[in-house]
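The first residue in the sequence is number 1, and the count goes up from there. The structure displayed is predicted, hence computed values, not measured ones. Keep in mind that the numbers below use all heavy atoms, side chains included, and drop hydrogens, waters and symmetry copies.
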Amino acid sequence: MAIGRNSSSSSAKAAVKKALGEMGFNSSGGAINWFPGHMAAATRAIRDRLKVSDLVIEVRDSRIPLSSVNADLQPHLSKKRRVIALNKKDLANPNVMHKWTHYFDSRNQDCLPINAHSKSSVKKLLDLVEVKLKEVISREPTLLVMVVGVPNVGKSALINSIHRIASSCFPVQEKIKRATVGPLPGVTQDIAGFKIAHHPSIYVLDTPGVLVPSIPDIETGLKLALAGSVKDSVVGEERIAQYLLAVLNTRGTPLHWKHSNNRRMEGIRYEPEEKHDYNLKDLRPKKKPPNVSDVLYIEDMVTEVQRALYFSLSEFDGDVENENDLECLIEQQFEALQKALRIPHKASEARIMVSKKFLTLFRTGKLGPFILDDVPEVNTAS
């Protein structure tokens, strides 16, 4: 079994293209065009508001700092005072995150990794926003801050955290319209604003996520789907799971689990039961074994999944940089995951069930922190 040190991204892309037969990246074989009408209207509204905004908070997913960029809006955003908030930092590899902050610093772009659900983290972001606005505050009585980003990067969660902090610091007289938070991309349907400070008055506008009409390449589309910025139904859970396995294998991630997991890689005590819903809570069994907490149960499920992928990769005698070999390995791993997750062999939708549970474990950070995008090389030449 061979693993290339620096070729994980290209190998994964090539292998997935081969495995999917150059079909594009949705179930009908065409390119993703996940661009609902309300989002097209929101794009026009955002451009109008950008003209009068004093600062923009561009929220991106820490796991995909470049793939979660809205390319259409970048020319407009680059002309504004901007802070890039890399949200969901708790799901991103901290050993790689510092390289990303260095990358943005080298491009003179203000960047801050955050957790939108952490009060202290959001306060740091607001402190940076205040610093950026200081020169404007002296001459403008009212300031406008925009929050933008692609779907499901945590814009609404950030807005709500800002509101809670502002409410504890400033007497907010008018009724505040809260942003709607949901697990699916595109849930905020309109543009709502509220005041977060007085003297000067500072308003924050929450805007729906805006994704480019057509994703430029298959890997960007798959990264967005894996992170949840594209609905699973558009790409297909099985296809997304194939991509995740390709990334894990070409990076050799399962081999590291043997050393980092100090629980029981050699065996598991409990048997998880299959459920259809796509939520971390639904990974719990309908009938939990006696004296077993939900936390221990899910930990055991994670350990068994890691164990299955570790042995399948360590015993694989092919080359993961070879497209055909990697495709064969992924097929073997689907069977191993089905056994690890105790999904009935005869279930007609077994692969979908495997994919949903596997993706849930990844998206909730149970398989460890990841950053899917590669850090671009920084040109240090003067």
Legend entry - Min side-chain heavy-atom separation L73-R47 under 4.5 Å: yes
Inset, instruction - Decide whether V69 and V59 are clustered together by the hydrophobic rule: side chain heavy atoms of Ile, Leu, Val, Met, Phe, Trp, Tyr closer than 4.5 Å, transitively. - result: no
Inset, instruction - Among R81, K132, R82, find the one that has a side chain to side chain donor-acceptor pair (under 3.5 Å) with D110. - result: K132
Inset, instruction - Take V150 and D61 through the side-chain contact (heavy atoms from CB on, under 4.5 Å) test and state the conclusion after the steps. - result: CA-CA 9 Å; V150 301; D61 191 317; over 6 Å; no
Legend entry - L133-L158 co-clustered via ILVMFWY side chain contacts under 4.5 Å: yes
Legend entry - Polar side chain donor-acceptor pair, Q332 to S312, under 3.5 angstrom: no
Legend entry - Non-hydrogen atoms of A225 and I240 that approach each other most closely: CB-CD1, 3.7 Å
Legend entry - hydrophobic_cluster_shared for V136 and L125, side chain cutoff 4.5 Å: yes
Inset, instruction - Give, for atom CG of L248 and atom CZ of F362, the distance between the pair rounded to the nearest 0.5 Å. - result: 7.5 Å
Legend entry - Side chain to side chain, D54 and V145, heavy atoms closer than 4.5 Å: no
Legend entry - Atom pair CD1/NZ of I57 and K155 - distance to nearest 0.5 Å: 12.5 Å
Inset, instruction - Could you tell me which non-hydrogen atom of P75 sits nearest to which non-hydrogen atom of A71, and how far apart they are? - result: CD-O, 3.5 Å
Inset, instruction - Specify the closest pair of heavy atoms between L326 and A246, including all atoms of both residues, with the distance to one decimal. - result: CD2-CB, 4.1 Å
Inset, instruction - Group every Ile, Leu, Val, Met, Phe, Trp and Tyr by side-chain heavy-atom contacts under 4.5 Å, then state whether F104 and M97 land in the same group. - result: yes
Inset, instruction - Answer whether the closest heavy-atom distance between the side chains of L205 and L144 falls below 4.5 Å. - result: yes
Inset, instruction - Inspect the contact between D373 and R60 and indicate whether a charged nitrogen and a carboxylate oxygen are less than 4.0 angstrom apart. - result: no
Inset, instruction - Could you tell me whether the side chain of W100 reaches within less than 4.5 Å of the side chain of N93, counting heavy atoms only? - result: no
Inset, instruction - Go through the steps to decide whether T101 and H98 satisfy the test side-chain contact (heavy atoms from CB on, under 4.5 Å), and finish with yes or no. - result: CA-CA 5 Å; T101 55; H98 77 277; 4.3 Å; yes
Legend entry - Residue pair S118 / D90, side-chain heavy-atom distance below 4.5 Å: no
Inset, instruction - Using modelled atom types only, decide if a donor and an acceptor are shared between the side chain of S67 and the backbone of L224 within a distance under 3.5 Å. - result: no
Inset, instruction - Provide the closest heavy-atom pair for N152 versus S229 in the form atom of the first, atom of the second, distance. - result: CB-CA, 4.2 Å
Legend entry - Spacing of K356 atom NZ and R363 atom CZ [to the nearest 0.5 Å]: 11.0 Å
Inset, instruction - Classify the side-chain pair Y243/E219 by whether it contains a donor and acceptor separated by less than 3.5 Å. - result: yes
Inset, instruction - Decide yes or no for L226 and L244: does some side-chain heavy atom of the first lie under 4.5 Å from some side-chain heavy atom of the second? - result: yes
Inset, instruction - Tell me, yes or no, whether the heavy-atom count around K80 atom NZ, taken from other residues, nucleotides or ligands under 6.0 Å, exceeds 12. - result: yes
Inset, instruction - Is it possible for you to say whether L255 and L361 belong to one hydrophobic cluster, with membership spreading through side-chain heavy-atom contacts below 4.5 Å? - result: yes
Inset, instruction - Report yes if the side chains of W257 and L367 come closer than 4.5 Å at any heavy-atom pair, otherwise no. - result: yes
Inset, instruction - In sequence, state the C-alpha distance, the side-chain angles, and the governing distance for M301 and L341, and then conclude on side-chain contact (heavy atoms from CB on, under 4.5 Å). - result: CA-CA 7 Å; M301 178 186 293; L341 295 169; 3.8 Å; yes
Legend entry - CG-CZ distance between L91 and R63, expressed to the nearest 0.5 angstrom: 5.0 Å
Legend entry - Short side-chain to backbone donor-acceptor contact, S161 and A116, under 3.5 Å: yes
Inset, instruction - Provide the closest heavy-atom pair for Y310 versus P254 in the form atom of the first, atom of the second, distance. - result: CD1-O, 3.4 Å
Inset, instruction - For residues M146 and S53, report the shortest heavy-atom separation together with the two atoms involved. - result: CG-CB, 3.8 Å
Legend entry - Short N-O contact, K123 and E130, less than 4.0 angstrom: no
Legend entry - Atom pair OG/NZ of S168 and K119 - distance to nearest 0.5 Å: 5.0 Å
Inset, instruction - Supply the atom-to-atom distance T253 OG1 to L309 CG, rounded to the nearest 0.5 angstrom. - result: 10.0 Å
Inset, instruction - Could you walk me through whether V305 and K366 pass side-chain contact (heavy atoms from CB on, under 4.5 Å), step by step? - result: CA-CA 10 Å; V305 166; K366 297 302 179 182; over 6 Å; no
Legend entry - E58 side chain near Q74 side chain, heavy-atom distance below 4.5 Å: yes
Legend entry - Trace of the salt bridge (charged side-chain N to carboxylate O under 4.0 Å, His left out) decision for E331 with R351: CA-CA 10 Å; E331 284 302 306; R351 288 177 72 92; 3.2 Å; yes
